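Reading through the structure tokens given below for one structure.
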There are 2 protein chains.
Amino acid sequence: MNNLRRIDLNLLVTLHALLMEKHVSRAAQRLHKSQPAVSHSLASLRAIFDDPLLVRRTGKLELTARANELLPLLTEALHQLGALIDLPAFDASQAKRVFRLAMSDYGARVVLPGLVRRLRSDAPGIDLQVSQGSRAAMLAGVHDGEIDMAFGVFQAPLSDELRTHTLFIEHFVCAADKNTLPQTGHLEKTEWLSRPHVLVAMQSGENNEIENALQREGVNRRVAMTLPHWGVASRVVANTDLILTAARRSFDLFQEDSPLQLFVPPYPIDPFAFNMVWHSRRESDAGHNWLRQAIIGTLIQGEDGQQTGG
Amino acid sequence: MNNLRRIDLNLLVTLHALLMEKHVSRAAQRLHKSQPAVSHSLASLRAIFDDPLLVRRTGKLELTARANELLPLLTEALHQLGALIDLPAFDASQAKRVFRLAMSDYGARVVLPGLVRRLRSDAPGIDLQVSQGSRAAMLAGVHDGEIDMAFGVFQAPLSDELRTHTLFIEHFVCAADKNTLPQTGHLEKTEWLSRPHVLVAMQSGENNEIENALQREGVNRRVAMTLPHWGVASRVVANTDLILTAARRSFDLFQEDSPLQLFVPPYPIDPFAFNMVWHSRRESDAGHNWLRQAIIGTLIQGEDGQQTGG
DNA sequence: CTTAAGTTATTCATTCTACGAATATGGAAA
DNA sequence: TTTCCATATTCGTAGAATGAATAACTTAAG
């Protein structure tokens with residue numbers, strides 16, 4: 001494909017006209033050019049392909065073997081380019097269609113509010129069907145076409161047919177009742193470890209970046225409570241000495257009168273990439289593209305509004 | 001495809017570089033152009049596609065939905081064009097391959113001598129396997145891929161997947177022993193009808209242009225002998241009062257000391273088109289193309305050497 | 001808020017080249 | 001040969017692509 005840089009692609013359009021017409025003057029007419037111009041192009045093409053391409057035979061011009069070989073390939077390729085150029089732009093406001101998304105409740109919390117607002121205003125005809133499943137199940141669904149897009153934490157090297165886009169990098173923050181914290185608004189390692197903790201886990205036994213981080217440091221914390229509901233977790237902490245360490249975006253941020261105080265964990269916890277995954281066959285699906293773009297857009301817009309101090 | 005004329009296709013190469021790099025300056029570098037040049041191209045592309053294509057987002061350029069939609073299609077189409085350009089020319093002298101041809105003995109008589117000579121000198125590695133069959137069987141063979149090319153008299157509208165090329169238009173001539181003909185060297189209608197005739201027919205009951213012509217005129221001739229062997233037929237006529245009416249090219253022309261005299265039939269007989277037929281899927285097969293071209297070439301070259309006076 | 005760094009857009013003078021008018025050349029037919 | 005028709009060539013020119021310089025943005029840092 002590098003060689004495309006070396007030649008003038010417009011010559012190929014002229015070549016196509018020439019091979020179809022088998023007549024320089026008529027090809028020129030068809031191209032709205034002069035006969036000498038097309039003759040020039042033909043000379044260039046002959047040099048490029050190192051073949052006469054058109055030869056006189058009993059008065060008429062006929063295709064050489066090489067030209068015969070080129071014609072069908074050329075026709076096909078140019079048709080593709082032609083289709084590309086007047087590909088109609090996707091009109092989201094008129095689109096009527098259902099997309100099937102798969103995500104955890106955390107994903108839903110992060111992705112859906114902004115997206116749904118966007119859909120209602122810009123694409124009222126687009127509906128969503130959200131399902132939930134294990135990472136493997138979601139990927140299988142995407143692969144089989146039962147799911148249009150999956151969201152979550154997926155390890156980078158997926159199947160060749162799957163495409164990934166990192167929507168954002170998520171960090172962990174801690175939350176505790178304001179009244180239980182010192183003036184500084186955060187806890188040092190020892191104080192942090194001495195308090196009881198709440199763990200939010202979709203599935204028990206799933207990869208847990210928090211425990212990994214503590215293990216690396218050679219310390220232990222007491223998990224007084226485990227639950228799978230992000231939204232409930234932050235409410236549980238209020239008016240207790242419990243500490244919740246969870247993905248930043250799982251908190252209702254900037255909530256007035258919140259009894260909770262957020263702070264950076266005293267032990268560094270690996271952030272994780274939250275990804276969107278789809279099948280490569282959907283790459284050229286205008287609607288699918290639009291939705292992906294919309295999701296990316298709403299998440300970036302939401303970024304500012306959800307920014308914490310750190 | 002008409003719209004391809006309206007835009008500069010080279011812009012699409014630039015577009016591809018831009019979408020791949022997501023970076024104007026790097027795209028320029030990849031294309032060995034300056035940054036302003038690519039920026040200009042980007043402006044043109046934005047006008048053409050009526051879409052920003054690349055937008056700033058947290059510092060980096062990102063693809064719009066439209067661009068995302070275009071990228072895979074564009075990549076595909078440009079790959080095709082790239083492959084087209086450095087398609088290696090077919091090297092007949094090195095080619096090693098077998099072609100399966102189907103033709104009648106008349107076809108063999110006309111096509112093979114010149115073709116085989118050409119193959120031995122220019123493409124010694126190309127072998128031929130010639131088979132014979134009814135018209136329908138030959139066409140079926142071509143259709144199913146068991147036969148690479150078929151030769152014969154085929155009615156114009158064949159299957160959509162089949163391609164036809166008329167190799168030449170064949171006329172009928174008469175032959176008789178020189179000693180049985182008047183000084184003029186030819187026979188008038190009554191004399192011609194009064195003599196016994198030889199009919200060459202591949203299959204009895206096949207379309208017969210000669211009898212058709214006579215029937216149109218409302219006359220009848222006596223066929224004293226029918227045989228399917230073109231080569232033998234002309235030898236049979238020598239030293240008899242028989243008249244042979246057959247395709248011009250079936251005679252060994254310009255044969256010295258031939259006892260036969262050729263002359264134009266007194267009744268006009270419809271000429272027929274002798275065609276080559278192949279499957280459209282072979283259109284872009286370099287070797288197949290070369291052979292077709294070789295066949296056309298040898299038949300045209302042979303044309304002069306076989307020309308009779310009329 | 002200001003400055004600095006990095007990137008894209010714009011301007012404009014220059015260079016190139018694709019273009020077409022005129023014409024030469026070639027090939028087939030009469 | 002001449003005539004006709006089609007392609008190739010020549011060459012001056014108009015218009016487009018190009019890039020140096022620079023403006024305008026955007027983000028990040030001080």
Side-chain angles (χ1 to χ4, degrees), chain A residues 4-49 51-64 67 168-169 297 300-301 303-304 307 309-310, chain B residues 4-15 17-49 51-64 67 168-169 297 300-301 303-304 307 310:
Chain A
L4 287 178
R5 236 189 47 237
R6 313 199 124 269
I7 82 152
D8 180 357
L9 288 207
N10 299 314
L11 283 176
L12 296 182
V13 179
T14 303
L15 175 59
H16 187 251
L18 278 166
L19 298 188
M20 292 297 281
E21 296 287 354
K22 301 180 188 181
H23 196 283
V24 175
S25 303
R26 273 202 301 277
Q29 203 167 359
R30 177 204 277 225
L31 295 166
H32 298 283
K33 291 185 181 180
S34 70
Q35 176 268 320
V38 174
S39 183
H40 264 131
S41 299
L42 178 53
S44 306
L45 287 162
R46 282 169 169 165
I48 289 170
F49 289 105
D51 185 284
L53 299 171
L54 287 169
V55 291
R56 290 218 87 83
R57 207 166 253 163
T58 50
K60 296 191 168 308
L61 284 180
E62 294 200 1
L63 305 197
T64 64
F168 54 80
I169 303 292
I300 286 168
Q301 284 191 342
E303 203 101 306
D304 301 327
Q307 209 84 264
Chain B
L4 286 179
R5 238 189 44 237
R6 312 200 124 272
I7 80 150
D8 180 357
L9 289 206
N10 299 314
L11 282 176
L12 297 182
V13 178
T14 302
L15 175 60
L18 278 166
L19 298 189
M20 292 296 282
E21 297 286 354
K22 302 180 187 178
H23 196 282
V24 175
S25 303
R26 274 202 301 277
Q29 203 167 357
R30 177 203 276 224
L31 294 166
H32 299 284
K33 291 183 181 180
S34 71
Q35 176 268 318
V38 174
S39 183
H40 265 130
S41 298
L42 177 54
S44 306
L45 286 162
R46 283 169 168 166
I48 289 169
F49 288 105
D51 186 284
L53 299 171
L54 287 168
V55 290
R56 290 217 88 82
R57 208 165 253 163
T58 48
K60 296 192 166 308
L61 285 180
E62 293 200 1
L63 305 198
T64 64
F168 53 80
I169 303 293
I300 286 169
Q301 283 191 343
E303 203 99 304
D304 302 328
Q307 210 83 263

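The chains referred to below are lettered A, B, ... by the order of the sequence lines, with proteins before strands, and numbering in each begins at 1. Here the structure is a predicted model, which is why all the values come from computation and not from measurement. Computed from heavy atoms alone, side chains included, the values below leave out hydrogens, waters and symmetry copies.
Rounded to whole Å, atom C1' of dT17(C) lies 13 Å from atom CG of Asn10(B). If you measure from atom CG of Leu54(B) to atom P of dC25(D), you get 19 Å, rounded to the nearest angstrom. When rounded to the nearest whole Å, the span between NZ of Lys60(B) and P of dG6(C) equals 13 Å. Between the CZ atom of Arg57(A) and the P atom of dT7(D) there is a distance of 16 Å, given to the nearest Å.
A heavy-atom distance below 4.5 Å is not found between the side chains of Leu53(B) and Leu18(B). Looking at Leu4(B) and His16(A), their side chains never come closer than 4.5 Å, going by heavy atoms from C-beta outward.
Under the side chain to side chain contact (heavy atoms under 4.5 Å, CB included) criterion, Thr64(B) pairs with Asp51(B), Pro52(B), Val55(B), Arg66(B), Ala67(B), not counting sequence neighbours. By the salt bridge (charged side-chain N to carboxylate O under 4.0 Å, His left out) test, Arg26(B) is found to be paired with Glu21(B), residues two or more places apart in sequence or in another chain being considered. Partners of Arg57(A) by salt bridge (charged side-chain N to carboxylate O under 4.0 Å, His left out), not counting sequence neighbours, listed by chain and number: Glu62(A). Take Ser44(A) and apply the side chain to side chain contact (heavy atoms under 4.5 Å, CB included) test, not counting sequence neighbours, and it matches Leu11(A).
Closest approach of Gln35(B) and Val24(B) over heavy atoms only: O-CG1, 4.0 Å. In plain terms, the two heavy atoms of Ser34(B) and Ala28(B) that are nearest each other are O-CB, 3.5 Å.
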Show each protein N/O and nucleotides 4-6 of chain D N/O combination with a separation under 3.5 Å, one pair to a line.
none

Between the protein and nucleotides 15-21 of chain D, are there any N/O to N/O pairs under 3.5 Å, and if so, what are the atom names and distances?
| unit_1 | atom_1 | unit_2 | atom_2 | d |
| --- | --- | --- | --- | --- |
| dG19(D) | OP2 | Ser34(B) | N | 2.9 |
| dG19(D) | OP2 | Ser34(B) | OG | 2.9 |

